[in-house]
Amino acid sequence: MVTSLVNDILMPIVGILIGGLDFTGLKIQVGTVAITYGNFIQNVVDFLIVAACIFTMLKFLAHFKKTTNDQLDQKESKQDDTVVLLEEIRDLLKKIDKVN
């Protein structure tokens with residue numbers, strides 16, 4: 001999935017933004033051996049894009065989790081207020097029973 005995301009969606013967008021540069025064709029010919037340093041550059045760019053996507057997703061999930069935890073804490077505090085109120089009502093009813 002990540003490879004497809006990078007190759008099919010993100011890299012064409014990056015290619016448009018940087019003027020259609022494709023690093024995979026870069027190479028140095030030494031005798032009969034070709035050193036394709038362009039592939040390395042392309043893989044580094046791919047890695048940085050994937051790392052940025054994963055970082056952004058983790059930040060979003062952390063924010064979502066924090067928001068959810070805050071909502072749960074608010075619900076728990078509301079329950080505590082309700083319990084306190086019910087205990088006060090119970091105590092008042094006990095006092096009324098003792099007076100009668």
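Residue indices begin at 1 and follow the sequence shown. Computed from a prediction, not measured in an experiment: that's the story for all the values here.
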#### Entry: Path from I41 to I28 over hydrophobic side-chain contacts below 4.5 Å
yes

### Query
Measuring from L26:CG to I35:CD1, what's the distance to the nearest 0.5 Å?
13.0 Å

### Query
Under 3.5 Å, is there a donor-acceptor pair between the side chain of E88 and the main chain of R90?
no

### Message
Clusters formed by hydrophobic residues whose side-chain heavy atoms approach within less than 4.5 Å: which one holds I89, and what are its other members?
### Response
L85, L93

### Nonpolar side-chain network containing F40, other nodes, edges under 4.5 Å
V44, F47, L48

Residues 54-63 side chain polar contacts: donor-acceptor under 3.5 Å, at least two apart:
residue : atom : partner : partner atom : Å
T56     : OG1  : A52     : O            : 2.8

